[in-house]
K.L.:
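My questions all concern the structure below.
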Amino acid sequence: MPVRRATAITLGAAVAAAAAALAHWRGARLLHPAGRSFAAEVTIWGTPDHPTGVRLLDVPGRYRATARLSKGVPTPGSWPDVLGLAVRLHRPRGRPFDLLVSSSGAAPVLRHLPLPRRRFAGTYSTIMSYRVGRRRLWLAALADPESADLGRSLGEVAATTREVAPRLVLAVASAVGPWRPFGQVALGAPLDARTDATLAFDPVGNLPPGLRAAGPLAWLREQTYAGSRRGRGASTRWPPRV
């Protein structure tokens, strides 16, 4: 085994073990422990003018989904925090698609950085890039100006979903290009706390054909999420439980 690969395996095991220990000690997710989960629906409009090369993103469709909004640290109440959105798109066959995005700026430079904010409406970016063939792209969930506001706390988000179905626009971009909408996610009824606790997302393993995570951040996410799931006894098994 080459030295570089052996070193990567050893380092990965150490990162995963540390994440597992911390998640076990906390008794909850290592990352974004405070959150609320919702039944959801994802509508894909497609990308007829500029196809990505990923069939799931390019071809119109409607899918049952599960979504989770969360706070990263978490800070108290409506204090600024790196906010998170996880969407599991349940495909009729095969693995689900787990899209995890964090609060960020919309501009080309800022879309690559997690940025704390108070409100759950706004731009959420994958931060890490994906590869489709030799091209890189980023995915995002953007505020829908025609949708109900999500508020400043997890409680306000849950209260909003009991009245209406708030929406976020799904979009794709290159490193420096504009965001191009390709669909939307609509939040439905809140799920119970037990379901929220057992949900486990895999942003590196649960991807549609043609899309793969790229870069060192993808590697770090893979190890950290795997360790966190192991530490709290969670599973990403599919078909999903919810």
Side-chain angles (χ1 to χ4, degrees), residues 15-16 18-38 40 66-88 98-107 109-130 138-143 149-161 166 168 170-171 185 187 190-191 193 195-206 213 215-232 234 236:
V15 171
L22 289 171
H24 181 74
W25 172 77
R26 173 179 267 181
R29 294 172 173 84
L30 176 62
L31 304 172
H32 293 265
R36 297 291 296 268
S37 295
F38 306 87
T66 304
R68 184 175 191 268
L69 282 159
S70 59
K71 301 189 69 173
V73 174
T75 58
S78 59
W79 286 21
D81 203 337
V82 174
L83 307 178
L85 170 66
V87 179
R88 169 163 289 173
D98 286 351
L99 174 64
L100 273 64
V101 287
S102 300
S103 55
S104 67
V109 175
L110 297 180
R111 72 180 55 154
H112 310 312
L113 301 172
L115 297 177
R117 66 168 181 254
R118 292 178 182 272
R119 306 194 69 86
F120 279 90
T123 298
Y124 295 83
S125 167
T126 50
I127 309 298
M128 74 174 183
S129 64
Y130 297 95
W138 281 256
L139 300 178
L142 312 176
D149 185 75
L150 290 172
R152 297 175 61 164
S153 70
L154 291 167
E156 289 183 18
V157 174
T160 299
T161 63
L168 291 156
L170 300 175
V185 53
L187 303 182
L191 302 177
T195 300
D196 176 76
T198 57
L199 278 174
F201 298 91
D202 184 349
V204 177
N206 285 344
L217 184 57
W219 176 87
L220 181 61
R221 259 188 164 182
E222 182 178 23
Q223 309 308 319
T224 303
Y225 274 83
S228 178
R229 291 192 299 268
R230 188 167 75 242
R232 63 189 182 92
T236 59

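For the single chain, residues carry numbers from 1 onward in sequence order.
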K.L.:
Can you tell me how far the CG atom of L168 sits from the CZ atom of F120, to the nearest 0.5 Å?
P.N.:
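If I round to the nearest 0.5 Å, the distance is 11.5 Å.
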K.L.:
Using 0.5 Å steps for rounding, measure from the CG atom of L100 to the OG1 atom of T126.
P.N.:
10.0 Å
K.L.:
Side chains of L99 and F201: closer than 4.5 Å at any heavy-atom pair?
P.N.:
no
K.L.:
Quick one: pull up CG in D81 and CZ in R118 and give me the separation to the nearest 0.5 Å.
P.N.:
11.0 Å
K.L.:
To the nearest 0.5 Å, how far apart are CG in L187 and OG1 in T160?
P.N.:
9.5 Å
K.L.:
Shortest non-hydrogen contact from V82 to P114?
P.N.:
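Scanning both residues, the minimum pair turns out to be CG1-CB, 4.0 Å.
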K.L.:
Compare every heavy atom of L85 with every heavy atom of A67, then report the nearest pair and how far apart it is.
P.N.:
CB-CD1, 4.5 Å
K.L.:
Do N206 and R88 have side chains that get closer than 4.5 Å, going by heavy atoms?
P.N.:
yes
K.L.:
Report yes if the side chains of S103 and P116 come closer than 4.5 Å at any heavy-atom pair, otherwise no.
P.N.:
no
K.L.:
To the nearest 0.5 Å, how far apart are CG in L69 and OH in Y124?
P.N.:
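These two atoms lie 5.0 Å from each other.
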K.L.:
Mind checking whether S70 and L83 have side chains closer than 4.5 Å, heavy atoms only?
P.N.:
no
K.L.:
Do L191 and T66 come close enough that some side-chain heavy atom pair is under 4.5 Å?
P.N.:
yes
K.L.:
Using a 3.5 Å distance criterion without hydrogens, assess whether the side chain of R117 forms a donor-acceptor pair with backbone atoms of R119.
P.N.:
yes
K.L.:
Going by heavy atoms in the side chains, are W138 and M128 under 4.5 Å from each other?
P.N.:
no
K.L.:
Is the closest side-chain heavy-atom distance between R36 and L154 below 4.5 Å?
P.N.:
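Yes - at least one pair of side-chain heavy atoms lies under 4.5 Å apart.
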K.L.:
For L142 versus A171, what's the shortest heavy-atom pair and its separation?
P.N.:
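In terms of heavy atoms, the two residues are closest at CD1-CB, 3.8 Å.
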K.L.:
Would R111 and T123 count as a side chain to side chain contact (heavy atoms under 4.5 Å, CB included) here? Give the steps.
P.N.:
CA-CA 8 Å; R111 72 180 55 154; T123 298; 6.0 Å; no
K.L.:
Of all heavy-atom pairs between P74 and P33, which one has the smallest distance, and what is that distance?
P.N.:
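Where P74 meets P33 most closely, the heavy atoms are CD-CG, 3.8 Å.
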K.L.:
Could you grab the distance from atom CG of L139 to atom CD1 of I127, nearest 0.5 Å is fine?
P.N.:
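L139 atom CG to I127 atom CD1 measures 12.0 Å (nearest 0.5 Å).
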K.L.:
Is there a side-chain contact between L150 and E156 (heavy atoms, below 4.5 Å)?
P.N.:
no
